[in-house]
Amino acid sequence: ADATQPSENTLQVQVVLTGVPKNMQEALTPILPLVAYTHYQGNSVSRMKILYARSQVALQEALKPYGYYHTVVTAHLIELQPHRWKAVFQITLNQPIRIQSTDIQITGTKDPVILTLTEHPPLQPGAILNQMDYEAYKSNLLNTAVEEGYLDAAFTTHALRIDRQHNTAIVVLILKAGPQYRFGQVFFHQDKPLFSEAFLHRFVRFQPDSPYRYTEVQALQNNLNQSQ
């Protein structure tokens, strides 16, 4: 928004959402087309009304990732005074999509760090489907596998099977770990040799043939940077 004070002839629109919790209001309001143009230079009522109509559709789409596929948005556009408008969006969420079941598997490894993530996933049967939680959990599974040295880890199946008629969702996540990479010998290259190999190897905390872990490489880099 323009930091300058709007003139008397600037069209101003107040946007109000009702029917959803405050945290959801805060997440939804900034994405509305109407909010991006809360101040219009000149008398742009026709443009404002187009964005007002688009905002109704945008709200219905934006609520789907939260599990609400049957949302009804009732909107009212009120002219408070010349150049001053108020847009009220009354949201009725209706029945949400709930998780019916989950199938979460890690194949090709018994690494406890990775398998622990499958014991209490945030996607529980009976809970309202939240696709942001689903994406975050999926990323966490893959990132953890990579950090544990399974650099070729990949999902053979990742699916949200949504049944809008029965308001249910089935979560399927099957991660194939693949081989676990291991450390080999560590070699140092210096453009101008300043430190002996023996000195540099003092900063290596892992042993050859131990499982590769990104945190170990990062620690080595940090220790070397601090030694300079």
Side-chain angles (χ1 to χ4, degrees), residues 1-2 6 10-40 43-81 83-104 117-118 120-143 155 157-174:
D2 193 335
T10 299
L11 182 62
Q12 298 181 49
V13 184
Q14 177 188 3
V15 177
V16 178
L17 303 185
T18 64
V20 293
K22 184 177 180 181
N23 65 326
M24 200 174 283
Q25 291 178 25
E26 293 173 349
L28 295 171
T29 301
I31 69 172
L32 298 181
L34 189 59
V35 171
Y37 295 87
T38 50
H39 295 93
Y40 303 86
N43 191 14
S44 307
V45 175
S46 59
R47 176 64 175 163
M48 180 266 290
K49 287 184 177 180
I50 292 172
L51 297 173
Y52 161 75
R54 289 179 181 174
S55 293
Q56 291 179 259
V57 177
L59 276 173
Q60 291 175 314
E61 290 301 312
L63 282 160
K64 289 180 181 178
Y66 292 92
Y68 296 96
Y69 278 70
H70 308 292
T71 302
V72 175
V73 178
T74 304
H76 303 281
L77 186 61
I78 306 163
E79 185 176 15
L80 302 175
Q81 53 183 293
H83 308 293
R84 303 292 184 270
W85 293 74
K86 182 177 182 179
V88 179
F89 298 93
Q90 172 64 45
I91 300 169
T92 304
L93 294 174
N94 293 316
Q95 288 296 316
I97 302 291
R98 293 187 180 273
I99 297 174
Q100 180 180 2
S101 64
T102 62
D103 181 8
I104 301 171
L117 296 178
T118 68
H120 303 287
L123 310 166
Q124 292 293 323
I128 296 174
L129 174 64
N130 185 309
Q131 293 185 32
M132 287 75 74
D133 289 347
Y134 165 81
E135 292 295 340
Y137 179 65
K138 185 174 73 170
S139 296
N140 190 26
L141 284 176
L142 183 59
N143 291 339
F155 286 100
T157 305
H158 55 94
L160 273 177
R161 296 168 182 164
I162 297 173
D163 184 341
R164 296 178 60 174
Q165 182 177 355
H166 298 95
N167 293 323
T168 60
I170 296 174
V171 178
V172 182
L173 289 171
I174 302 177

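One is the number of the first residue; the rest follow in order along the sequence.
Heavy-atom minimum distance, Q90 versus G19: NE2-CA, 3.9 Å. Contact detail for P30 and Q25: the closest heavy-atom pair is CD-O, 4.5 Å. When every heavy atom of I97 is checked against every heavy atom of R164, the shortest pair comes out as CD1-CA, 4.2 Å. The two residues L142 and F155 have their closest heavy-atom pair at CB-CE1, 4.0 Å. Looking at every heavy atom in both residues, M24 comes nearest to Y66 through CE-CD2, 4.0 Å. Contact between Q124 and H120 at its shortest, heavy atoms only, is NE2-C, 4.1 Å.
Taken to the nearest 0.5 Å, the CD1 atom of I31 stands 6.5 Å off from the CG atom of L59. Here NE2 of H70 is found 12.5 Å from CG of L63. Values are rounded to the nearest 0.5 Å. Here the straight-line distance linking atom OG1 of T29 with atom CZ of F89 works out to 9.5 Å at 0.5 Å rounding. Of the inter-residue distances, the one linking I78 atom CD1 with R84 atom CZ reads 16.0 Å to the nearest 0.5 angstrom.
With contacts defined as side-chain heavy-atom distances shorter than 4.5 Å, the pair Y69/N167 does not qualify. T74 has its side chain out of reach of T92: every pair of non-hydrogen atoms, C-beta onward, lies at least 4.5 Å apart. Between V13 and Y52, every side-chain heavy-atom pair lies at or beyond the 4.5 Å cut-off. Y134 is listed as a side-chain neighbour of H158, based on a closest heavy-atom distance under 4.5 Å. Residues V171 and L160 form a side-chain contact, since some pair of their non-hydrogen atoms from C-beta on lies under 4.5 Å apart.
Using modelled atom types, one side-chain atom of Q60 and one backbone atom of T71 make a donor-acceptor pair closer than 3.5 Å. In this structure, S55 contributes its side chain and L34 its backbone to a donor-acceptor pair below 3.5 Å.
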| task | I would like to know whether Y68 and V20 meet side chain to side chain contact (heavy atoms under 4.5 Å, CB included); could you show each step before the answer? | result | CA-CA 11 Å; Y68 296 96; V20 293; over 6 Å; no

